[in-house]
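Encoded as structure tokens, the structure appears first; notes follow it.
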Amino acid sequence: MAEPFNHKAIEQKWRDEWEKNPINVEDGKKPKYYCLDMFPYPSGNGLHVGHWRGYVISDVWSRYKMMHGYYLIHPMGWDAFGLPAENYAIKMGIHPAISTAENIKNIKRQIKQIGAIYDWDREVNTTDPDFYKWTQWIFVQMFKKGLAYEKEFPINWCPSCKTGLANEEVVNGRCERCGTEVTKKNMRQWMLRITDYADRLLKDLDKLDWPEKVKKMQTDWIGKSYGAEVQFKVDGRDDEITVYTTRPDTLFGATFLVLSPEHALAKSLATDDNKEAVEKYIYDASMKSNIDRMQSKEKTGVFTGSYAVNPLNGKKVPIWLSDYVLADYGTGAIMCVPAHDDRDFEFAKKFGLPIIQVIAKDGKEIADMQEAYTEASGTMINSGKWNGMESSELKQKAPEYIEEMGFGKKTVNYKLRDWVFSRQRYWGEPIPIIHCPHCGNVPVPEEELPLRLPDVEKYEPTGTGESPLAAIDSWVNCKCPVCGADAKRETNTMPQWAGSSWYFLRYVDNKNDKELVSREKADKYLPVDMYIGGVEHAVLHLLYSRFWTKFLYDIGVVDFDEPFTRLFNQGMITGKNGIKMSKSKGNVVSPDELVNDYGCDSLRLYEMFVGPPELDAEWDDRGIEGVNRFLRRFWTLAVDSIDAKVKATPEMIKVRHQLTHDVSERIESFSLNTAVAAFMEYNNRLIAIAKKEGGVDIETVETFTQLLAPFAPHVAEEIWQRCGHGDSVFHSTWPKFSEEAMKEDIIRLPVQINGKTREFIEVPADISREDALARAKEAAANRLTGTIVKEIYVPGKIINIVQKQ
RNA sequence: GCGGCUAUGGCGGAAUUGGCAGACGCGGCGGAUUUAGGUUCCGUUGGGAGACCGUGCAGGUUCGAGUCCUGUUAGCCGCACCA
């Protein structure tokens, strides 16, 4: 009898052994494979079983790749700057530098329990000056290229976090971090010109092996649209109003203009009669929060009293203000064609403005229009020289016509805004800029980087719009590096997304003090082949990283312009009833106890077994019993079989090939839950065989062990050693299967009568159609009472006999 | 409102190109071992007494539909006046 399975002893033994003799080593010949986890921010709550899942997925995949002969880049690090870390520090009353260090220690301990094959020599920490030196360096390069610039304008402001936010950080009008309603605040900001990259960010999505969902989210976020800008002269004045439209084909149907209340001309367009109402409307709009503005679906508006002239037909159209027109999209002004736009239709109805149809639906004008006809299909009517044209065609050509006629031009618009890059917080990379009264903004000289974050006593956000750094005179006051005059440092810090926008590059050369990454190492190890993490970063981190990578490509730091070739989003582990695990809900399941009771290998297996890796799964502790039972049963089978030394039977060989096939295929298609099911199924089969034969042959034990190794590395390594191997199972080559050897000789074929399964026949796998049908008819003779009208035989699958009574 | 995903036993979930629905596991039930409980092992487990019925619901295509098509409902996620 086998000795009992002692997970603690086995796991400890191999943990120590792998530490002493690392198994992932480069020999200069192996190709590289870079499998990356989204690195965690060091939260004070530690890891729960949901965090484990992603790390186990990436580790299974990494080890699987390793057994295919790759040298792995599989690093781990800490995203330790930013709001989450700082808010936690403030809550606990501990300096963020200290709390961050403590949390990293704890999480690192927990991550090590996973038994993943991380290369800790590559570890990075975004708060390490040796790391953020390069974050600052990238900013300086962007500044030099004109991609980082200062601007004063109303930005999103979180009153709770007391800092400005990027558009990407505002979710449904609330702060992405704390859920507080975001307000507007007019502030001087550092911006990054991500919009310069909009087209490339959009186009290059095509070459990525990413979930369609994420690509779509980025596409929508970038929001490219094609249309035209059209200039309308203000009647009786010199001013012009430029509108942006995607439907220039409907220009003849424009019966009024609407400007956003923030439009530069809004106030001055008001005639004396309307002045009061207009000013009140502008004021009211300025007091509305984003959420109010989003929630009030009912259109509001005010007439300015002024008119514009439709450049196409010379007609006077009234100019209105309304907050449904966004100030920061397009030109902040639109031409309204109520007949062919839902919003314009609603507005026109409410305020009694004329509706002119210019596209004939199904060849005629709509008699009693109840809703706008928004499709660009139909013949143009009421459109002067454009009459008779096809709308869809005109939509394409109109921008050029307008350009030729000289009152507008073809344009492309994006929803993507430039990245608000400064934060009025302490815990971030200081922006390396010096404000000189003579030279303007001057970057901190590169040789002076890193510009260290000074130690402060008061690190709480001030709420005044100034960073806590502004209070440190000795730090703020400096000399201009260009002219030597008294100057002041920029006191804003970078957002939490700065370090994570490029950290994956640093892993491959994390000790380089001359360069961000050496070109040699970048060429050798980058880009990331597989990136694994949650979907919550679809438009934040993943968009920013792509932007920074493209920039680094442009300045020659790296030779690729997309950082993550393949992306996998794992589903979330939730508590009962799909409720997100959180400390406040009290439904957090910690892995620590489970590791202690069942072992890391069992928990790893269970994490994979709970469901498809890409879908959310509800955690249920009880399920771990099942995988633990499997592991113990396999242990017994393996250890007993090693002793028994039985010879392989044809059945064992066949099962071994089938197992290899099934597991390989399921891992390859990322169906890790069914791969675990395959282990269990084949384990059951092999136990049954072993009962008959006194064990299974050593090669079958070895193969099973190799296949299991990515999932349960410790047990696998132990059994592998007991099979007589001196080297690690992870240095062995992934088992191969042969279709020939897998084949069953005799198969059980279902026989259907009129599509319903009635009988089964056992036949040779290569039986001919005639023989199969004959056997089927024989078996189902008493049911074949009618006339046979059709006979279907799908080899290896099914027989269906269709009869008529 | 628009877009996407999901819907299968008591539960988590399996089912290449349409081809035995419910693999695998949890839970349940019965038995063996045990002084007993737990463990372990064996058996059983969609519903129905049965003909049969069963993949959210209603149709359709097909010899055959969980899978394809049309419509519809519910839940989750994303976007949300982007002209």
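Lettering of chains follows the sequences in order, A, B, ..., and the numbering in each one begins at 1. Bear in mind that the values here come from a model prediction, so they are computed numbers and not experimental data.
Taking the syn range as angles within 90° of 0, the glycosidic angle of B:G9 is syn.
Distance from the side chain of A:R622 is smallest to B:G27 among B:G78, B:G27, B:C20. Closest contact between the side chain of A:M680 and the listed nucleotides B:G25, B:A83, B:G3 involves B:G25. Distance from the side chain of A:Q752 is smallest for B:C20 among the nucleotides B:C20, B:U17, B:G25. Out of B:A21, B:U17, B:A14, the shortest distance to the side chain of A:T757 is found at B:A21. Comparing atom distances between the A:P612 side chain and each of B:A23, B:G25, B:G13 picks out B:G13 as nearest. Nearest nucleotide to the A:R633 side chain, out of B:C52, B:A83, B:C41: B:C41. Counting only heavy atoms from C-beta on, A:N673 has its side chain closest to B:G13 among B:G13, B:A83, B:U40.
When only modelled atom types and interatomic distance are considered, A:N596 and A:K8 share a side-chain donor-acceptor pair under 3.5 Å. Between the side chains of A:D199 and A:Y414, at least one donor N or O sits under 3.5 Å from an acceptor N or O. Between the side chains of A:Q218 and A:W210, no donor N or O sits under 3.5 Å from an acceptor N or O. Judged by distance alone, the side chains of A:N413 and A:S225 never bring a donor and an acceptor atom under 3.5 Å apart. Inspection of the A:T574 and A:D616 side chains reveals no N or O donor paired with an N or O acceptor under 3.5 Å.
Nucleic acid contact class of A:N800 (heavy atoms, under 4.0 Å, all strands): base. Within the nucleic acid shown, A:R417 has no heavy atom closer than 4.0 Å to any nucleic acid atom. Using a 4.0 Å heavy-atom cutoff across all strands shown, A:N684 reaches sugar-phosphate atoms only and no base atom.
To the nearest angstrom, C1' of B:C81 lies 9 Å from CD of A:E346. The distance from atom CG of A:L259 to atom C1' of B:A83 is 13 Å, rounded to the nearest whole Å.
One P atom belongs to B:G50, the other to B:G56, and the distance between them is 25 Å to the nearest Å.
Taking only side-chain nitrogens and oxygens, A:R632 comes nearer than 4.0 Å to OP1 or OP2 of B:U40.
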